[in-house]
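Reading through the structure tokens given below for one structure.
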Amino acid sequence: MKRILPYILVIFLIPQIIVQTTGCANIVPPSGGLRDSLPPVPVRATPRDSALNAHEQKITITFDEYIELRSANEKVLISPYPTKDPVIESKL
């Protein structure tokens, strides 16, 4: 009986060790969450929105969330159109 006990332990322990050391997780990228349906809201603007006779050379708009600028020259509307092409930058 004493000689059989180590063999029984080895028979049960080896499969358990193999199962525990081999992971069974699928490695997949995160889904990204729900689709963002609400547009970013401007929080602050310099000069103020709809200001008359504003002569500033720099316009700053702060949004309530991070926005990504892609082809901003096509999507940002400035009226009246400036004589020089505007430089559009973004900061995190």
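Note: hydrogens, waters and symmetry copies are ignored here, and every other heavy atom, side chains too, is used.
For R48, there are no side-chain hydrogen bond (donor to acceptor under 3.5 Å, both in side chains) partners, not counting sequence neighbours.
Using a 4.0 Å cut-off between charged nitrogen and carboxylate oxygen, K91 and E89 do not count as a salt-bridge pair.
Separating the CD atom in E74 from the CD1 atom in I88 is a distance of 10.5 Å, to the nearest 0.5 Å.
Hydrophobic cluster of I59: the remaining members, joined at side-chain heavy-atom separations below 4.5 Å, are I61, F63, I67, listed by chain and number.
What you find for P47 and A51 is that their closest heavy atoms are CB-CB, 4.5 Å. Annotation for R70 and K75: closest pair O-CD, 3.9 Å, computed over non-hydrogen atoms.
Residues V41 and E65 form no side-chain contact, since every pair of their non-hydrogen atoms from C-beta on lies 4.5 Å or further apart.
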